[in-house]
Structure formats: structure tokens, C-alpha cells
**Q** 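Attaching a single structure in C-alpha cells format; questions to follow.
Bear in mind the structure is a predicted one, so any value in this text is a computation, not a measurement.
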Amino acid sequence: MKNILNSIKGVIVVSVQAMPSEPLYKEDCMLAMMKSVVNGGAGALRVAGVRDVKNAKKNFDLPIIGITKPNVIPQNWKEIVYITPTIKDVISLVEAGADIIATDGTQRKRPENEKLEDLIKYIHINKRLAMADISTIEEGIKAQEAGADILSTTLAGYTMESLDSPANEPDFELLKNLVEQTSTPVVLEGRIWTPAQVDRAFALGAHCVVIGSAITRPQLITKRFVFRKG
């Protein structure tokens, strides 16, 4: 597991995901997107669902971060746990071959009243790394105590507990606090749009950087041009 952790240090991880309602969700489209970002230099992939984890493992000799999420995101998404919420979800990602399993690492109530530490224990039993997606420094500290191998700022600004997180840029303050107050590798993810932001993340001590929308969500990239101010 340490080899996997070392292999993602200093790299750009690309999140290749689409919702079932989106045109790119088709299996061949998602695989083509993965191939494109790997050709561009992605050092690892973060993908959602058993289908895409299996395809990523089959086609690329890179670390694969796997998650599960619902086919339709509920309207109260800021209030609930929906990223790899249960041990059942963890099992599906283990069987699919994910090297790193990312799960909601907040302290919010989980389905079936399962506990974060139980999910992490199961991940470790299967010799995989556990990434905790968190939104506050307090959640990061608790996730480290629960045994997480990696902390990620993925949920900053996307929970009721982190409404003061910046709306239009990465949460660099959270990254800085996590690096200073925990001993666990920290990943910057969320609202990254420029190379300068990536450079700043590494300067602050990020273990690696995960970029999604700015690379793999053309509808969101287009909106930034079409609906720009001024």
C-alpha cells in the first residue's frame, strides 16, 4: 500500500466521471476520456462505479481511486452522505479492483448507521488505501483518528458544515490547516481551474491534486465561457 501512496505523490490525478443522464456517461465515452487524460499525463484516475473502475484497472497501469455515488444526486445533497456511504459500496469497489477507495469522511450519519472507522477497517482488511473526503479541519482530524490513509478536501463547500468555504476557488486554507495539523497525506480537490492553483497547492504541501470539471466536464467548461460576467 505504501508503494501506491508514494506513486501518487506530486502527481495530477484526473477525476473522470459523468452522471447517467449525461451524454459522456456511455461506457465507450468514459473509457475514451480516461485514455485521453492518461495520454495527457494524468498520474492516477478517480472514477465512479464498478464499471469504470474495472475498465480503468484493465486498461491502465496507474493507481485507481474508486468511489460510488447515486445515479441521481438528491436535492438535499449538502446534508447527506452519498460518496461510498456503506460497507456494501466498499465491497463492490474492492471486487472491482480499486487501489484507493474514497468515502465520505465527514462525521454525518451514514446509511444503516454504519461508522466511518468500520468502512476504513474493511478497506484495510482488503489491503487497499482509504481516502477520506472531508469538508472541515475537524472532520479531517477525526478521519485521521478513524484510520484514513489520505485526507482530501473534496467536500469543502459541499456540506452544511462548510458553507463558508470559497465558492469559486479551492479551499487553500483547509489544505494548509490539514497539512499543519495532521500527519496524513493531504489531497487538494475541488474547484481547481488553473495551473497556478495547482502550483499553490503543492507549495502548501499537497500530496497530490485531483482535477475533475476543468478537464472532463465539457458542459461546465462551456458554461464558464458562455455565462461569463462582463
**Q** Under a 3.5 Å threshold, yes or no: a donor from one side chain and an acceptor from the other, between Arg110 and Thr103?
**A**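 Yes - a donor-acceptor pair under 3.5 Å links their side chains.
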**Q** For residues Gly205 and Val179, report the shortest heavy-atom separation together with the two atoms involved.
**A**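 In this case the closest contact between Gly205 and Val179 is O-CG2, 3.8 Å.
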**Q** Looking at residues at least two apart in the chain, or sitting in another chain, which of them share a side chain to side chain contact (heavy atoms under 4.5 Å, CB included) with Pro23?
**A**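 Checked Pro23 against side chain to side chain contact (heavy atoms under 4.5 Å, CB included); zero matches.
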**Q** Grouping I, L, V, M, F, W and Y whenever their side-chain heavy atoms are under 4.5 Å apart, do Val187 and Ile83 come out in a common cluster?
**A**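 They do not share one cluster, since no chain of ILVMFWY contacts under 4.5 Å joins Val187 to Ile83.
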**Q** On a heavy-atom basis, which atom in Gly105 and which in Leu116 lie closest, and how many Å separate them?
**A**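 Taking every non-hydrogen atom into account, O-CD2, 3.7 Å.
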**Q** Enter the distance from Ile87:CD1 to Glu114:CD here, rounded to the nearest 0.5 Å.
**A**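 So the CD1 of Ile87 and the CD of Glu114 are separated by 4.5 Å.
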**Q** Say whether Thr154 and Ser152, considering side chains only, have a donor N or O and an acceptor N or O under 3.5 Å apart.
**A**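 Present: a donor and an acceptor within the cut-off.
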**Q** Can you name the residues that form a side chain to side chain contact (heavy atoms under 4.5 Å, CB included) with Met19, not counting sequence neighbours?
**A**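 Met19 satisfies side chain to side chain contact (heavy atoms under 4.5 Å, CB included) with Ser21, Glu22, Lys69, Ile73 once adjacent residues are dropped.
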**Q** Taking CG in Asn168 as the centre, count heavy atoms belonging to other residues, nucleotides or ligands within less than 6.0 Å. Is the count above 12?
**A**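 Count not over threshold, so no.
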**Q** With rounding to the nearest 0.5 Å, note down the distance linking CG in Leu129 to CG in Leu5.
**A**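 Leu129 CG to Leu5 CG: 6.0 Å, rounded to 0.5 Å.
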**Q** Looking at side-chain heavy atoms only, is the closest gap between Pro63 and Val11 below 4.5 Å?
**A**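 Sidechains of Val11 and Pro63: no contact.
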**Q** Going through the distances and angles, do Lys35 and Phe60 end up as a side-chain contact (heavy atoms from CB on, under 4.5 Å)?
**A** CA-CA 8 Å; Lys35 290 179 178 178; Phe60 310 106; 3.6 Å; yes
**Q** Treating Arg191 as the side-chain partner and Ala156 as the backbone partner, does any N or O pair qualify as donor plus acceptor under 3.5 Å?
**A**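 Yes, the answer is positive, given that a donor and an acceptor are paired below the 3.5 Å cut-off.
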**Q** For residues 118-127, which side-chain N or O atoms pair as donor and acceptor with protein atoms under 3.5 Å away, sequence neighbours left out?
**A**
{"unit_1": "His124", "atom_1": "NE2", "unit_2": "Asp149", "atom_2": "OD1", "d": "3.4"}
{"unit_1": "His124", "atom_1": "NE2", "unit_2": "Asp149", "atom_2": "OD2", "d": "2.7"}
{"unit_1": "Asn126", "atom_1": "ND2", "unit_2": "Tyr122", "atom_2": "O", "d": "2.9"}

**Q** Can you sort out the partners of Gln107 under side chain to side chain donor-acceptor pair (under 3.5 Å), two or more places apart, ordered by chain and number?
**A**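 Result, side chain to side chain donor-acceptor pair (under 3.5 Å) vs Gln107: none returned.
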**Q** Side-chain contact, heavy-atom cut-off 4.5 Å: Leu204 with Leu188?
**A**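 Counting from C-beta outward, Leu204 and Leu188 never come under 4.5 Å.
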**Q** Hey, is the main chain of Val13 close enough, under 3.5 Å, to the side chain of Arg46 for a donor-acceptor pair?
**A**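 No, the answer is negative, given that no donor and acceptor are paired below the 3.5 Å cut-off.
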**Q** For Asp52, what residues pass the side chain to side chain donor-acceptor pair (under 3.5 Å) criterion, not counting sequence neighbours?
**A**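 Per chain and number, Asp52 pairs via side chain to side chain donor-acceptor pair (under 3.5 Å) with no residue.
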**Q** Test your reading of the model: is there a side-chain donor-acceptor pair from Gln144 to the backbone of Ser183, 3.5 Å cut-off?
**A**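 Such a contact is found between Gln144 side chain and Ser183 backbone.
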**Q** Taking all atoms of both residues into account, what is the closest heavy-atom pair of Gln197 and Pro170, and its distance?
**A**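 Of all heavy-atom pairs spanning Gln197 and Pro170, the closest is NE2-CD, 3.4 Å.
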**Q** Mind checking the CZ-CD1 spacing from Arg128 to Ile64? Nearest 0.5 Å is all I need.
**A**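 Spacing of CZ (Arg128) from CD1 (Ile64) equals 12.0 Å.
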**Q** Indicate the atoms forming the closest heavy-atom contact of Leu178 with Gly140, along with that distance.
**A**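 So the two residues come closest at CD2-CA, 3.9 Å.
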**Q** Determine whether a donor-acceptor pair (N or O, by modelled atom type, separation under 3.5 Å) exists between the side chain of Thr136 and the backbone of Ser162.
**A**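 Here the side-chain-to-backbone pair does not exist.
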**Q** With heavy-atom distances below 4.5 Å as the criterion, would you say the side chains of Ile80 and Arg108 are in contact?
**A**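 Contact flag for Ile80/Arg108 side chains = no.
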**Q** Between Asp89 and Thr86, do the side chains contain a donor N or O and an acceptor N or O under 3.5 Å apart?
**A**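 Checked: Thr86/Asp89 side chains pair up, N/O donor to acceptor below 3.5 Å.
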**Q** Are the side chains of Glu95 and Ile91 in contact, using a 4.5 Å heavy-atom criterion?
**A**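 Result yes, sub-4.5 Å side-chain heavy-atom pair found.
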**Q** Would you check, one step at a time, whether the test side-chain contact (heavy atoms from CB on, under 4.5 Å) holds for Asn55 with Glu27?
**A** CA-CA 9 Å; Asn55 280 337; Glu27 186 169 3; 2.9 Å; yes
**Q** Are Lys88 and Glu112 close enough for a salt bridge, meaning some N to O gap below 4.0 Å?
**A**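 Here Lys88 does not pair with Glu112 in a salt bridge, since their nearest N and O are not under 4.0 Å apart.
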**Q** Would you name the heavy atoms of Ile221 and Ala214 that are closest together and state the gap between them?
**A**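 Taking every non-hydrogen atom into account, CD1-O, 3.4 Å.
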**Q** Are any non-hydrogen side-chain atoms of Ile67 and Gln17 less than 4.5 angstrom apart?
**A**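 Side chain of Ile67 against side chain of Gln17, heavy atoms only: contact under 4.5 Å found.
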**Q** Assigning hydrophobic clusters by single linkage (Ile, Leu, Val, Met, Phe, Trp, Tyr; side-chain heavy-atom cutoff under 4.5 Å), is Phe202 placed with Leu175?
**A**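 Yes; tracing contacts between hydrophobic side chains, which count when under 4.5 Å, links both residues.
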**Q** In Å, rounded to the nearest 0.5 Å, how long is the span from CG of Leu163 to OG of Ser165?
**A**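 Reported to 0.5 Å precision, the distance equals 9.5 Å.
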**Q** Can you name the one residue among Thr159, Asp104, Leu174, Thr153 that meets side chain to side chain contact (heavy atoms under 4.5 Å, CB included) with Ser135?
**A**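 With Ser135 as partner, side chain to side chain contact (heavy atoms under 4.5 Å, CB included) holds for just one option, Thr159.
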**Q** Step by step, would you call Met131 with Ile65 a side-chain contact (heavy atoms from CB on, under 4.5 Å)?
**A** CA-CA 9 Å; Met131 174 183 282; Ile65 302 169; 3.8 Å; yes
**Q** Report whether Met33 and Ile215 are members of the same hydrophobic cluster (ILVMFWY, side-chain heavy atoms less than 4.5 Å apart, transitive linking).
**A**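 Yes, same cluster.
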**Q** Applying side-chain contact (heavy atoms from CB on, under 4.5 Å), run through His207 and Ile150 and close with a yes or a no.
**A** CA-CA 9 Å; His207 189 78; Ile150 307 166; 6.0 Å; no
**Q** Lys26: which residues meet the side chain to side chain contact (heavy atoms under 4.5 Å, CB included) condition with it, sequence neighbours left out?
**A**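 Scan of Lys26 (side chain to side chain contact (heavy atoms under 4.5 Å, CB included), adjacent residues dropped) gives Asp28, Cys29.
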**Q** Between Ile134 and Tyr158, is there a shared hydrophobic cluster once you connect ILVMFWY residues whose side-chain heavy atoms come closer than 4.5 Å?
**A**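 No; tracing contacts between hydrophobic side chains, which count when under 4.5 Å, never links both residues.
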**Q** Charged N to carboxylate O under 4.0 angstrom, Lys57 versus Asp99?
**A**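 Counted as a salt bridge, because a side-chain N and a carboxylate O are separated by less than 4.0 Å.
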**Q** What's the spacing between Gln181 CD and Lys176 NZ if we round to 0.5 Å?
**A**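 Result: 9.0 Å between the selected atoms.
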**Q** Any side-chain heavy-atom pair from Glu161 and Thr106 closer than 4.5 angstrom?
**A**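 No; the side chains remain at least 4.5 Å from each other.
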**Q** Could you see if Val90 belongs to whatever hydrophobic cluster contains Val81? Use Ile, Leu, Val, Met, Phe, Trp, Tyr and a side-chain cutoff under 4.5 Å.
**A**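 They do not share one cluster, since no chain of ILVMFWY contacts under 4.5 Å joins Val90 to Val81.
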**Q** Quick check: closest heavy atoms across Leu62 and Gly43, and the distance to 0.1 Å?
**A**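 Closest approach of Leu62 to Gly43: CD2-O, 3.5 Å.
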